[in-house]
Structures are given as C-alpha cells and as structure tokens.
Amino acid sequence: AIQARPVRKASIAFAAIGALLLIGLQLALWLPDDLQTRFTLYVNAGLPAVHIGYFLLAVPLLVILSSAFGPVVETMLRLPRGMLTGNLAATPFRHGLTAGAMMVGISILVSTWSNALSLLNDWIGRAKFADGFALCNTGMSPQVQQAIAELPFVTGTCPIGYLSLKVVGRQIFGVEGLAPPNVTCVGFDPQRFFSMNAVTWVAGDPDHAIARLKDGDAIIVADRFLVTQKVTLGDKLTLASGRTQKEYEIVGAVTAAGLDIATQIFRIRSQYMEFSISCVFMDMAEVIRTFDNGDAYMLQVNLSPEISDRQATREIEAAAPSVHFRSGRWIRERIDEIAFALLTVQSTIAFAALALTCLGVGNIIMANIHGRRYEFGVLRAVGGQRGLIARLILAETVMLAITGATVGTLLGMHLAWIGVQNYRDLAGLPLHLTLPTVPLIIGWVVLLVMTMLASLPGVWAVIRPRPSVLLAAGRAG
C-alpha cells in the first residue's frame with residue numbers, strides 16, 4: 001500500500017493553472033514599451049515568478065511524463081506493469097516538486113550556452129574586417145599613413161578617426177541612469193572603408209547614403225539603432241562633443257561587427273565600458289569641419305597572402321615607430337579564447353549546480369525511502385526480491401531526472417529567450433534563439449547518472465535489512 005492520501009485531479013489542475021499564470025505574469029510584465037520600466041519589472045517580479053511557475057509546472061509534467069514513459073521504464077527495468085506509474089500517480093506532488101528542485105542546473109546550462117551560441121553565430125561569427133590594424137593613441141599623421149601604405153606587402157589602407165559623441169535628448173542603448181548616452185563616431189572615407197569591410201546594409205540605399213555623407217548633414221548608423229526601435233531611417237539625431245552640437249539625418253543602417261570587435265579588443269578609449277558599442281559613420285571631412293578632430297587612431301590594412309603576421313608587425317612598426325600593429329587573425333584567435341573561457345566558466349557553474357542539486361535530491365530520496373520502509377517491508381514479506389525493490393527505486397529516480405531535466409530545459413530556453421530580447425532591446429544586437437543540442441544532451445545524461453548515484457545509499461539502506469525489520473518500523477515510518 002502507498003502511504004499517501006489519494007490526490008484529486010483537481011489539485012494537479014490547480015498546480016498547472018498556477019504555474020501557467022506565474023509564467024504568464026512574467027510575459028505580461030514584458031509588454032510595457034518603456035525599456036526602463038520593463039527591465040525593473042522583470043528583475044523585481046518577472047524573474048521570481050517564472051522560476052516559481054516552472055517549479056510548480058513539474059507536478060503536472062511528472063504526471064504526463066510518467067504516463068508516457070513510465071511503461072517504457074517499467075519494461076526496461078523488468079518491473080510489474082503499473083507498479084512504477086501507480087506509485088508516481090499516488091504521490092505527484094512529492095515526486096513532482098522533488099523533480100522541480102532539479103531544474104536549476106539544467107536551466108543555467110541551457111540558458112548560458114544558448115545565449116553564448118547566439119552571440120557567436122549571429123554577431124561575432126559574422127565579423128569580417130581587414131587583415132590588420134595599425135593603432136596610435138596620439139593619432140597618425142598623413143605622412144605616417146603614407147609610409148605604411150607604401151610598404152610592398154600592403155595592398156590597401158583605410159584611415160579611421162574615432163571620437164565619442166553624446167546623443168542629445170535621447171537614450172538609444174541601455175537603461176537610463178545606468179548607461180551613458182554615448183555613441184562611437186567613426187570618421188572615414190566611405191569608398192575605401194566599404195571596400196575593405198564586409199558591411200551589410202540593413203536599411204537605406206548605399207549609393208544615395210554615400211552621396212548624402214559627402215553633403216555633411218547625414219550619418220549612417222549601426223543596425224542596432226534600428227533594432228532598439230527608438231530610431232528609424234530618416235530620423236534625426238543631435239550629436240554633441242563639448243559645446244559643439246549638430247543635427248544629422250540617418251540615411252542608412254549597416255552591420256559593422258568586425259570594427260566593433262576590433263575596437264573593443266584594442267580598448268580604444270574604453271568603448272565597451274562607455275556602453276557605446278555601436279557606431280555612427282560620418283564622412284571624415286565633416287568630422288574635421290564640425291568637431292575639429294581629424295586624427296586617425298586606426299589604419300585598417302590589407303596584407304598580401306604570403307606575409308606572416310610576425311613579419312608584417314615588425315616591418316610596419318619599423319616604418320612607423322609610434323604605431324602598434326595587430327593582426328586580424330590574432331583577433332579571431334583571441335575571440336575564440338575568450339568564448340571558450342566564458343563557456344568553460346559557465347559550464348562549470350552549471351555542472352556544480354547540478355552536483356549540488358543531486359546531492360540535495362539524494363537526501364530527499366533517502367528521507368522518502370525511510371518513510372516508506374513499511375511499504376517495502378510488505379513487498380519483501382509477500383515475496384518481492386531485493387532486486388525488485390532496488391529497480392523500483394531506481395525507476396522512480398529515472399522519472400524524477402527526466403522530469404527535472406524537462407522542466408530545466410523549458411526554463412533554460414525561456415531564460416535564453418529573455419536574454420535574446422535583452423540583447424536586442426538594451427544592446428541592439430539582433431540575435432536569434434538557439435537550442436544548444438550537444439550541451440543539452442550532456443546535461444541530461446549527467447543529471448540522470450548523478451541522480452541515480454545519489455539514490456544508491458537509499459537503495460542499500462532498504463534492501464539490506466530483513467523484512468521483519470522493515471515491518472517493525474510501522475506504518476508511521
């Protein structure tokens with residue numbers, strides 16, 4: 001006999017409705033158009049609500065999954081038909097909430113890997129830029145630029161000016177009060193720049209936009225300006241540096257991931273820390289005319305294929321002693337290293353959470369088995385073998401792991417979707433939701449194995465005593 005009161009289907013339905021309402025509450029808090037309001041509501045109410053909602057969702061999910069996969073597990077572990085499903089059906093809340101406690105590690109693993117893969121595939125992976133970058137913190141004169149351009153292995157150059165400008169009267173990126181309202185103004189020669197960089201036009205006509213740049217009253221923006229839905233093609237932005245400010249019309253939008261990554265890695269004026277990770281592109285003549293800044297802090301350089309990075313660095317720095325040269329190939333290697341390190345740290349945290357969860361669940365399983373000693377004693381007294389008891393406990397553990405992994409995957413993908421939306425709204429990165437298949441499979445297998453290992457002490461504690469000892473415990477456990 002199962003030591004539990006019969007559970008009414010209405011109770012399970014109430015748990016499902018409560019779970020869906022809490023999850024729906026988080027989605028409803030995402031409706032406000034104001035990003036500051038949405039962010040505040042999400043942190044203070046939406047995030048707790050969605051975790052509690054998925055925790056409660058484990059109860060009806062256990063019922064559904066045990067009905068679907070319970071008979072398969074019974075067959076694989078050679079249990080009498082209905083034995084496992086009957087036990088789980090009699091105690092859906094005890095087993096369901098135990099499974100819900102196992103979701104945290106999987107959710108961390110899924111959400112972090114999903115967002116990382118989205119960044120790698122949709123932003124960093126699309127970065128294409130020049131073969132190398134010559135940098136000078138004090139600016140490169142035309143003579144220095146010419147000295148580099150005349151080297152025999154240099155096939156093309158493009159000088160780029162850089163300055164941080166304030167967007168007057170508007171907060172384009174980030175949360176107001178937390179992120180400065182700055183953008184990175186890139187002064188450049190349009191024809192040379194677009195011939196050297198793989199730029200995708202998201203909005204605007206390239207020929208018309210380049211012609212308008214020459215007029216001095218127009219700019220091209222990075223695509224993230226449009227993604228934030230705060231500006232559109234044809235809008236006007238007032239840009240300022242000190243007391244000088246001027247209004248510019250947006251005539252085009254492009255993706256410039258390569259230049260963003262290069263400037264962040266080389267730490268040009270702490271661009272990342274200023275939260276101005278997106279660029280506005282302006283004709284260099286207009287930068288000089290209005291903002292009195294004609295310095296080229298970066299010189300993009302294309303190299304002939306036969307030159308090595310080491311040789312190119314040595315000869316460029318010899319021709320221009322004040323310049324530091326960095327290879328584009330070095331940037332790619334650095335990106336891969338950073339991505340690997342980040343994913344390693346996040347995976348370690350996720351698997352540590354899995355281990356702690358399994359240890360905690362092991363204690364719950366141990367207490368559960370201790371409270372059911374009379375039940376197991378009856379099974380042993382009527383002829384049930386030790387192996388049958390062990391297989392029953394392991395079967396219940398398998399179903400707990402499957403339910404916990406399922407809930408954790410759903411929660412992880414939900415959090416990953418929220419992360420994608422935050423990248424889009426706060427940083428302007430047009431990412432797409434990605435399912436991390438391989439890490440997900442590994443997480444499921446690890447959770448299953450660790451949960452079964454955590455249940456072994458409880459199994460040993462119930463199969464070792466004689467039936468009379470288990471029956472003597474009484475129905476109260």
Side-chain angles (χ1 to χ4, degrees), residues 19 23 50-51 53-77 79 84-85 88 92 95-118 120-121 342-365 391-420 433-456 458-459:
I23 296 172
V50 75
H51 278 82
Y54 277 100
F55 179 68
L56 292 177
L57 190 63
V59 175
L61 269 180
L62 174 72
V63 176
I64 295 172
L65 293 175
S66 62
S67 300
F69 299 105
V72 178
V73 176
E74 289 174 342
T75 301
M76 293 176 62
L77 295 180
L79 293 174
L84 170 63
T85 54
L88 296 177
H95 286 97
L97 296 180
T98 301
M102 302 165 66
M103 70 182 181
V104 177
I106 291 291
S107 68
I108 294 175
L109 182 70
V110 171
S111 61
T112 55
W113 269 89
S114 177
N115 285 155
L117 290 177
S118 296
L120 291 173
N121 296 334
L342 177 62
L343 290 177
T344 299
V345 171
Q346 296 289 358
S347 298
T348 301
I349 294 173
F351 283 112
L354 279 176
L356 292 175
T357 299
C358 290
L359 290 176
V361 170
N363 290 330
I364 296 175
I365 293 175
R391 294 195 302 275
L392 174 61
I393 296 174
L394 290 177
E396 292 178 353
T397 303
V398 168
M399 289 307 306
L400 289 179
I402 292 175
T403 304
T406 301
V407 178
T409 301
L410 294 175
L411 174 59
M413 292 305 297
H414 189 125
L415 296 177
W417 173 78
I418 293 174
V420 166
L433 188 63
T434 302
L435 178 66
T437 306
V438 175
L440 180 60
I441 294 174
I442 295 174
W444 274 57
V445 172
V446 170
L447 179 62
L448 178 61
V449 172
M450 293 180 68
T451 306
M452 294 182 69
L453 290 175
S455 69
L456 292 180
V459 173

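Because the structure is predicted, anything quoted here is derived from the model rather than measured. These values consider heavy atoms only, across backbone and side chains, with no hydrogens, waters or symmetry-generated copies.
Taking the side chain as every heavy atom from C-beta outward, Met76 and Val398 never approach each other to under 4.5 Å. When side chains are defined from C-beta on, His51 counts as touching Leu415, because their heavy atoms get closer than 4.5 Å. A heavy-atom distance below 4.5 Å is not found between the side chains of Leu109 and Leu440. Side-chain contact between Leu61 and Leu410 is present, with heavy atoms from C-beta onward closer than 4.5 Å.
Glu74 places a side-chain N or O within 3.5 Å of a backbone atom of Thr85 that can act as its donor or acceptor partner.
Atoms OG and CG, from Ser455 and Leu453 in turn, are 7.5 Å apart once rounded to the nearest 0.5 Å. Separation of atoms CG (Leu88) and CG (Leu400) is listed at 7.0 Å; rounding is to 0.5 Å. Rounded to the nearest 0.5 angstrom, His414 NE2 and Tyr54 OH are separated by 5.0 Å. Distance check: Met450 CE to Leu356 CG gives 8.5 Å after rounding to the nearest 0.5 Å.
Nearest approach of Met452 to Leu394, heavy atoms of both residues: CE-CD2, 4.2 Å. Closest of all the heavy-atom pairs between Phe55 and Ala101 is CE1-N, 3.7 Å. When every heavy atom of Pro436 is checked against every heavy atom of Met413, the shortest pair comes out as CD-SD, 4.2 Å. When every heavy atom of Ala19 is checked against every heavy atom of Gly53, the shortest pair comes out as CB-O, 3.1 Å. When all heavy atoms of Leu79 and Leu392 are compared, the closest pair comes out as CD2-N, 3.8 Å. Heavy atoms only, all atoms of each residue included: Leu433 and Ser114 are closest at CD1-OG, 3.8 Å.
Here the rule is side-chain contact (heavy atoms from CB on, under 4.5 Å) with Leu62, and of Thr406, Val407, Thr403, Ile402 only Thr403 fits it.
Sorted by first and then second residue, the pairs that involve residues 437-453 and meet side-chain hydrogen bond (donor to acceptor under 3.5 Å, both in side chains), not counting sequence neighbours, are Thr409-Trp444.
Enclosure of atom CZ in Phe351 by more than 12 non-hydrogen atoms of other residues, nucleotides or ligands within 6.0 angstrom is indicated.
Between Ser118 and Thr434, the side chains place a donor N or O and an acceptor N or O closer than 3.5 Å (distance only, hydrogens not considered).
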